[in-house]
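Structure first, commentary second.
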Amino acid sequence: MKPTLSLCKPNREIIGILTEAYDESYEEKFGDLSLLSFKVPFTLNIRHSTRKNIHVKKLKEKHLILFEDEHKKEYFLVQKTIKSHGSSDDYFQIECSGLPIQLSYRDITNYKATSKTATQLLNDGLMGTSWSVGSVHGDYNTQFRSLEFTGSRLDFVFSVAETYEGLVFFNTLNKTINLYDPKAYGFNKGLVTSYGKLLDSITYESDSSEQATRLYVRGKDGLTISEVSSTGTPYLEDFSYYYEDMSIGLHDALIAWSQLKANNETTFGNLLDQLESIRATLIVKQGELSDLKAELEVILDTLDAKKSRSEDVTAELILEATKKSQIAVKQTEINSVSGNIASVTLQIGTLYNLLSIENNLTHEQILELDEFIFEAEYTNEFISDPIKLKEIAIEHFKTIREPKLSADIDIVNLFKVLELEESSDRSKVVLGDFININYDLSDISITARIIGISTNYESDTIKLTISNIVKSQTFADKFDNEHRTAVSNSNTFAANKYAYDNNIARTDEVSQILDNTWSTIDRQIEGGLNNSISMSRRGIIVTDSNDPQRMVIVQNGVVALSKNGGLNWQTAITPDGVVSERLFGQLIAGNNLLITNQSGSFTIDDNGITATEMNLTITRSDKKSRVIINATDGLKLQKNTGTTANPVWVDQIVLDTNGDVIFKGKVAIGSGNSIFKADENGISLGSNNFNNAPFKVDLTGKLTASGTSLSGDINMTGGSISWSNVNSDPVATGAVSMASTAQSMASAIANGTYNGGTFINGKMVYSPNLLGGTIEIGSLGTNNVWKANNSGIWFGHQNYSSAPFRVAVDGSVFASNGTFKGTMRTADTNQDRIELSSTGLNSLDSIGRKHGVTISSDNYSNLGFYYAGEYRGGLTQLGGDITLTTTLGSLLIRAADNSSTIFRGAVNFSQANVTGITATFG
């Protein structure tokens with residue numbers, strides 16, 4: 001049946017029915033835009049009269065064509081018009097693209113999004129257009145992606161689909177865009193073509209150029225799958241395609257290795273779960289330890305303050321001891337948890353070793369396996385979770401672990417054949433479904449997805465484009481698949497996994513409810529056969545035969561659910577909305593979201609989030625502190641002075657609606673001694689301890705400052721100034737005199753001309769002579785002293801003779817240990833001497849020349865002999881050889897009278913002239 005083509009204005013107003021159209025060609029593409037082309041004549045024969053075709057002038061670019069046949073309706077946009085004139089035919093050809101081509105004329109520039117769902121991304125891309133988002137696969141709205149894009153809005157839609165590896169379908173009637181999971185789309189309805197049945201021709205090709213047996217996997221920021229691999233490798237492997245080409249030994253070893261990994265996969269996953277749980281426990285306990293230490297600091301501050309006021313500190317000392325004991329217990333707990341982490345890590349390492357290739361294949365088998373390793377790489381920059389990365393990589397690996405197969409088939413007059421012979425198969429030719437092709441002559445047996453249907457209504461023919469071909473499995477193939485060495489992976493999350501799709505470990509109350517509820521629903525659905533269903537004037541009633549109190553009733557336009565046999569209804573679905581005591585789910589979406597109760601309301605709309613007549617309270621799980629925000633009191637930070645069961649909340653910081661800030665407790669700005677503090681003692685600067693602060697003002701107003709610089713007048717309305725620490729004479733003339741005397745004395749002391757008596761002030765003692773028996777500096781009565789008397793000076797002991805360092809009055813030095821730097825000499829530089837320095841040990845004459853023996857500091861392996869600065873020979877060790885040389889005179893080896901010179905080992909005279917030797921043997 002020929003389609004109906006209607007010519008429409010851009011507003012979809014029909015301005016003509018193109019009944020004269022011919023040579024219509026309609027092409028559907030899987031996950032892409034459809035194409036349409038047809039021809040119309042320039043003239044029409046109307047009532048035996050030739051007239052111009054009025055539709056020719058109306059067929060303009062960017063006008064719409066409504067395509068209708070017995071199966072579907074679709075709008076197209078006129079893209080190109082071609083006027084053709086020839087000797088046999090004149091026609092006006094129209095070429096159209098699917099209506100979504102409109103989006104290719106609208107651009108997006110510098111778009112950047114972080115952590116958005118598929119629906120959110122598509123809404124951004126379609127904003128400002130007449131297109132909207134239709135149906136989106138549920139998983140895509142619980143998974144979050146980041147995207148940066150510049151280009152047309154149509155390319156944007158396909159980019160979003162690519163990030164989710166989804167499939168785009170366009171509905172041109174209501175201008176919506178749908179995003180489906182390709183794995184859940186299409187069916188194999190059993191349509192089979194073979195030689196003699198529908199199949200006219202086939203070309204089958206097997207290409208191994210893109211085949212891989214080892215696939216390296218990488219995600220965002222270099223993420224690998226090593227963490228979730230039971231062997232710790234960053235790649236997937238599958239050698240099953242080449243099993244029959246391997247030696248029996250390698251084949252059996254690979255299957256055994258694969259089975260070993262499969263047997264330990266659960267163990268590996270459990271270990272990773274344990275590691276994650278223990279690490280989470282460690283983080284909690286470290287936080288608790290930090291809190292205990294902070295509480296100890298508060299106790300110590302209070303203790304110092306009370307000591308400074310000479311108050312009783314008995315209670316604080318008890319608190320200090322208790323808190324230190326709690327800290328010690330908490331540290332013990334942390335050490336225990338750290339030990340558990342080390343234990344689990346060791347078990348994982350042991351498992352890595354057990355499952356390594358070296359422990360499962362011999363050296364010869366590894367060398368043989370090298371001939372079957374063909375590597376490829378899979379990278380997906382959108383994924384930052386190793387488990388998700390592994391799952392997607394496995395799906396990709398399935399498409400390349402065997403040679404790529406492709407087939408071109410030509411099925412001629414398909415519609416006509418189906419109408420006459422196989423009418424039951426006509427419904428099986430659906431875009432996205434699978435077709436089975438068998439050709440016994442060359443052992444071809446493949447299944448392929450229909451990704452294109454091209455229909456020519458003039459010739460009544462159809463051609464199929466197929467792809468995604470997989471070989472049909474024989475029994476032997478299935479047996480091999482059960483023993484694949486496909487992936488050395490665990491199905492358990494790694495302990496240090498990346499945050500992806502917000503699928504991090506969630507322990508909040510809502511998540512626990514969701515998990516428990518969904519698990520229960522799963523069980524209920526599985527037990528659906530136990531349900532009792534009845535239909536009557538009351539409506540449709542479904543009860544659980546195991547628990548008749550649980551029931552669903554559909555009646556009077558309402559779906560109601562009860563847990564108590566209908567005494568009341570906990571959940572109801574009406575045309576106005578959903579009424580429920582509890583509502584669970586992963587996504588609540590809407591342009592205006594309102595949550596309300598008797599206390600106030602909470603609104604989310606285009607203006608953001610608005611809370612009316614309500615408090616926003618944020619409380620720690622252990623109820624140690626909380627934050628309250630409302631429109632009456634402002635912002636409050638509170639701490640709990642009670643217990644977890646019976647909290648007592650006390651304001652610590654208050655920011656009221658007038659803009660005033662009230663602090664209760666301590667204020668500290670800075671750290672160490674570079675700090676400003678305000679607490680129960682007063683205010684202070686320059687020390688963490690109030691008593692030691694160089695500047696402080698206590699609560700009575702007393703000011704203490706180690707120094708001050710004042711300008712302007714000082715007005716005193718009462719009190720007095722004590723001059724006892726300022727000057728002995730407050731009279732100005734006396735002060736000037738004393739200052740002059742002090743200045744003269746200081747100058748004399750500095751230049752050494754002072755000849756007065758002993759001078760003592762707060763910082764020094766100055767005297768021409770200090771006389772006494774013993775001077776002792778340090779901890780008196782202990783060995784941590786420096787002493788001097790008529791024996792000499794010494795350190796480190798009360799007694800001179802036992803001191804580890806001492807210098808006698810004759811200048812001799814004794815040190816039990818020490819490091820000397822610089823040069824040590826046995827005499828002045830104008831005398832014969834021996835010097836020990838960084839260059840080594842040298843014997844020098846009075847004018848500084850080497851004279852005598854030297855030992856070089858170069859590994860101290862060179863002994864030299866000098867005379868008046870001239871090198872005469874030496875003994876050198878280099879590379880294990882010892883060389884004795886002379887630069888002047890003979891080298892004599894002389895033994896004592898009646899003694900012998902003895903050589904041991906081989907003596908080599910090959911490079912010497914030997915004279916005066918008489919050999920004696922025996």
Side-chain angles (χ1 to χ4, degrees), residues 1-42 44 53-84 89-105 130-131 134 152-155 157-158 167-178 411 413-416 426 429-432 450-466:
M1 180 182 294
K2 290 172 63 69
T4 299
L5 303 180
S6 301
L7 175 61
C8 307
K9 291 182 178 180
N11 64 0
R12 300 195 176 189
E13 177 188 348
I14 297 177
I15 58 177
I17 306 297
L18 305 178
T19 56
E20 72 277 18
Y22 66 99
D23 201 13
E24 303 95 330
S25 176
Y26 173 60
E27 183 177 353
E28 293 181 272
K29 295 184 177 181
F30 188 62
D32 205 344
L33 276 63
S34 300
L35 300 176
L36 173 68
S37 69
F38 59 90
K39 299 174 183 177
V40 296
F42 287 102
L44 297 174
N53 187 350
I54 61 173
H55 292 149
V56 172
K57 286 187 177 182
K58 296 180 181 180
L59 282 166
K60 299 178 181 179
E61 292 83 355
K62 302 299 188 288
H63 271 40
L64 304 183
I65 300 295
L66 175 59
F67 171 92
E68 298 178 82
D69 69 2
E70 58 183 325
H71 300 295
K72 68 179 304 182
K73 292 182 179 181
E74 183 175 359
Y75 279 100
F76 288 85
L77 188 71
V78 177
Q79 287 284 87
K80 183 189 297 186
T81 61
I82 304 172
K83 294 180 179 180
S84 179
D89 194 12
D90 297 321
Y91 58 84
F92 191 33
Q93 183 169 333
I94 309 300
E95 296 183 358
C96 309
S97 293
L99 190 59
I101 197 67
Q102 291 176 328
L103 295 172
S104 67
Y105 305 124
S130 57
W131 287 82
S152 75
R153 293 179 186 267
L154 182 60
D155 289 338
V157 170
F158 286 117
L167 186 66
V168 178
F169 275 89
F170 301 96
N171 186 323
T172 62
L173 297 181
N174 54 22
K175 300 186 75 171
T176 57
I177 295 176
N178 308 298
I411 303 177
N413 294 325
L414 181 59
F415 283 157
K416 185 174 181 180
R426 183 177 182 122
V429 184
V430 178
L431 192 69
I450 302 173
I451 65 169
I453 302 177
S454 179
T455 306
N456 190 302
Y457 291 90
E458 189 71 22
S459 61
D460 197 18
T461 61
I462 181 172
K463 292 187 178 181
L464 305 183
T465 302
I466 62 175

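Please read all numbers here as calculations on a predicted model, not as lab measurements.
- The shortest non-hydrogen separation linking L33 to F170 is CD1-CE1, 3.7 Å.
- For S84, the side-chain contact (heavy atoms from CB on, under 4.5 Å) partners are Y91, not counting sequence neighbours.
- In this structure, CD1 in I17 is found 8.0 Å from CD in E68, a value given to the nearest 0.5 Å.
- Residues A21 and V40 come closest through the heavy atom pair CA-CG1, 4.0 Å.
- Closest of all the heavy-atom pairs between S152 and L103 is CB-O, 4.0 Å.
- By the side chain to side chain donor-acceptor pair (under 3.5 Å) test, K29 is found to be paired with no residue, residues two or more places apart in sequence or in another chain being considered.
- Contacts of D69 classified as side-chain contact (heavy atoms from CB on, under 4.5 Å), with partners at least two apart in sequence or in another chain: P3, F67, H71, K72, Y457.
- Considering only residues two or more places apart in sequence or on other chains, K175 meets the salt bridge (charged side-chain N to carboxylate O under 4.0 Å, His left out) condition with none of them.
- Listed for the N53 side chain is a donor-acceptor partner under 3.5 Å among the backbone atoms of P41.
- Shown here is K60, whose NZ atom has no more than 12 heavy atoms of other residues, nucleotides or ligands within 6.0 Å.
- Listed by chain and number, the residues in a salt bridge (charged side-chain N to carboxylate O under 4.0 Å, His left out) with E27 amount to none (sequence neighbours excluded).
- Residues passing the side chain to side chain donor-acceptor pair (under 3.5 Å) test with D90 are H85, sequence neighbours excluded.
- Taking all atoms of both residues into account, the shortest heavy-atom contact from Q79 to S97 is CG-OG, 3.5 Å.
- Partners of S37 by side chain to side chain donor-acceptor pair (under 3.5 Å), not counting sequence neighbours: none found.
- Distance NZ/K2 to CD/E24: 3.0 Å, rounded to 0.5 Å.
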Can you give the donor-acceptor pairs under 3.5 Å from side chains of residues 9-16 to other protein atoms, not counting sequence neighbours?
residue	atom	partner	partner atom	Å
N11	OD1	E13	N	3.0
R12	NH1	L173	O	2.6
R12	NH2	T172	O	2.7

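- Using a 4.5 Å heavy-atom cutoff, the side chains of I101 and F76 are not in contact.
- Between the CD atom in E458 and the NZ atom in K39 there is a gap of 9.0 Å [rounded to 0.5 Å].
- Residues satisfying the side chain to side chain donor-acceptor pair (under 3.5 Å) criterion with T4, sequence neighbours excluded, are absent altogether.
- Note that CH2 of W131 is 13.5 Å distant from CZ of R153, once rounded to the nearest 0.5 Å.
- Shortest non-hydrogen contact noted between I65 and C96 is CG1-SG, 4.0 Å.
- Under the rule for a side-chain contact (heavy atoms from CB on, under 4.5 Å), the partners of I82 that lie at least two apart in sequence or sit in another chain are K80, Q93, E95.
- The distance from atom OG of S6 to atom OH of Y75, rounded to the nearest 0.5 Å, is 8.0 Å.
- Evaluation of the side-chain contact (heavy atoms from CB on, under 4.5 Å) rule for T81 yields E61, V78, F92, I94 as partners, not counting sequence neighbours.
- One distance of note links CG of L18 with CG of L66; it measures 10.5 Å at 0.5 Å rounding.
- The shortest heavy-atom contact between F169 and G31 is CZ-N, 4.4 Å.
- E20 pairs by the salt bridge (charged side-chain N to carboxylate O under 4.0 Å, His left out) definition with nothing, not counting sequence neighbours.
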